[in-house]
Amino acid sequence: MTTFDADDVTLEEVEEHVWEIAREDGMNTPARVLASEALLEEIADDDTLRQIRNVTHLPGVQRHALCMPDGHQGYGFPVGGVAAIDAEDGCISPGGVGFDINCGVRMVKTNLTYDDVRGREEELVDALFDAVPTGLGGGGVVNGDAETMSGALSRGLDWAHEAGYATRDDLKHCEDEGMRPDAEPAKVSQKAKDRGRNQLGSLGSGNHFLEVQRVTDVYRTDVADSFGLEADQLVVLIHCGSRGLGHQVCSDYLRRIEEEYEEFLADLPDDNLAAAPAGSDLAEDYYGAMCAAINFAWVNRQLITHQVRETFADVFETPWEELGMELLYDVAHNIAKKEVHEVDGEQKELYVHRKGATRAFPAGHPEVPSAYRDVGQPVIIPGSMGAGSYVLRGGEESMARTFGSTAHGAGRLMSRTQAKREYRGEDVQSDLQEHEHVYVKAESGATVAEEAPGVYKDVDEVVRVSDELGIGDKVARTYPVVNIKG
DNA sequence: ATGTCC
């Protein structure tokens, strides 16, 4: 059996691409890292392995704490972490969701091809940059008055549909139909609402982006047919989250946990693993507030979708419906959700934490929308602006291996600080345009440097591991055409 | 990720 020795963590390869950290004192389960040896060497470079081992100390964690192939160091939990925790006797952890609650990605299809946009890239990138607010701070596309905020937080895409920003099909092609009925806007602080009210329909900063892409490869033709994808087609990828609102919800509840559960935290190996015991008022309050932030993020991505459709209609002088601009799917990759999973032959209700991990339910699962029930849920894996992205479908092994989850992206290789030492935004931008025909427009040059293609792991390798493990199967690959970011 | 510390 192959052994991998990192600083103070030893892993054994129990199956191909499955590395296990054995259970020791304080751990409630073993931990598992799903990676090739090449990816594991990169993962071992930061604190990820210790972090995923720490997660197993949380009460009620089931089977294994899991790190996906794109994992890297995060706050308490690694990014790329999956932890399914007993919803009756366990706990819920804001650090297992992340600061950017319902950060996620959606793909909007078109019936245009790459030829339709060649030579007009700058016109398109300028028009999108004008239509979609980017960067830190305020500026959205609708006014978040009290009534709007209440609708968005409590009803998500149901509100967006009523307000004329979403079609019925958009709702059907979104995880949870774009609405968490457990949302409790009253549990979201006024401060969080104030931060979000002028950010409804804004991209934000960091790794968030909006990208027009072309489909370059199709791997499973039958599934791609069901998804409505084919080679050369233009698609739009929107990657963003809940902005300042979600960030404030996370901060608010981390502080409350620190205040109210000091003793509970003292038993954990890392203070940043802060969690509220299942069944406590605090756990219920956080869940209600988190679900409201989830709904806010879905509305955010929907409003951006609306702006993109209007922009394409202007640029191509054709109504967006005639451009075939339907939503393929919208996936959340920073969430916790009450889900029922089989553990040791028993059906259990669990808080499934996916932090930088994507739900990847297989064909036949009742929560896969009817349009995709026969082939599996679409999974969207954004890569860097130099590498492109993938569409997968939830694999047959995902329920048994990962509580129905796979990776969420390429995963960072280096910190933002290090990235700014290694790259200059202007150079990255001109290299991409001259050598790769990718047109990037950004609010800040520093953000382009932080997001340079070289700061990411190899998305092809991440997806290969997902495919070979059968948790998320390759369907199609895309390559960037134009990209806007914060 | 984030009005990058109320």
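Chain letters run A, B, ... following the sequence lines, proteins first, then strands; residues in each count from 1.
One atom, CD of A:Glu451, and another, P of B:dT4, lie 18 Å apart when rounded to the nearest Å. Atom OH in A:Tyr75 sits roughly 17 Å away from atom P in B:dT4 (whole-Å rounding). Taking atom NZ on A:Lys420 and atom P on B:dT4, their separation rounds to 13 Å, with Å as the unit. Per the geometry, CG belonging to A:Leu136 stands 8 Å off P belonging to B:dT4, to the nearest Å. Counting to the nearest Å, the P atom of B:dC5 and the CG atom of A:Leu254 are 15 Å from each other. The distance from atom CZ of A:Arg243 to atom C1' of B:dT4 is 13 Å, rounded to the nearest whole Å. To the nearest angstrom, P of B:dT4 lies 9 Å from NE2 of A:His247. If you take CD of A:Gln248 and P of B:dC6, they are 8 Å apart, rounded to a whole angstrom.
Across all strands, A:Gly206 comes closer than 4.0 Å only to sugar-phosphate atoms, never to a base (heavy-atom distances). The residue A:Gln199 sits close only to the backbone: its heavy atoms come under 4.0 Å of sugar-phosphate atoms, none of a base. Among the atoms of the strands shown, only primed sugar atoms or phosphate atoms (P, OP1, OP2) are found under 4.0 Å from some heavy atom of A:Gly244. Residue contacts shown for A:Ser205 are limited to sugar-phosphate atoms, with no base heavy atom under 4.0 Å away.
The stretch residues 186-210 of chain A participates, sequence neighbours left out, in these ring pair (Phe, Tyr, Trp, His ring centres under 6.0 Å) pairs: A:His208-A:His239, A:Phe209-A:His239.
Atom NE2 in A:His72 sits 10.0 Å away from atom CD1 in A:Ile43 (nearest 0.5 Å).
For A:Ala131, the side chain to side chain contact (heavy atoms under 4.5 Å, CB included) criterion is met by A:Gln307, A:Thr311, not counting sequence neighbours.
Along DNA chain B, the nucleotide closest to A:His208 and the one closest to A:Arg255 are compared, and the more 5′ of them pairs with A:His208.
The residue from A:Val463, A:Ile380, A:Asp473 that alone fulfils the side chain to side chain contact (heavy atoms under 4.5 Å, CB included) condition with A:Leu392 is A:Val463.
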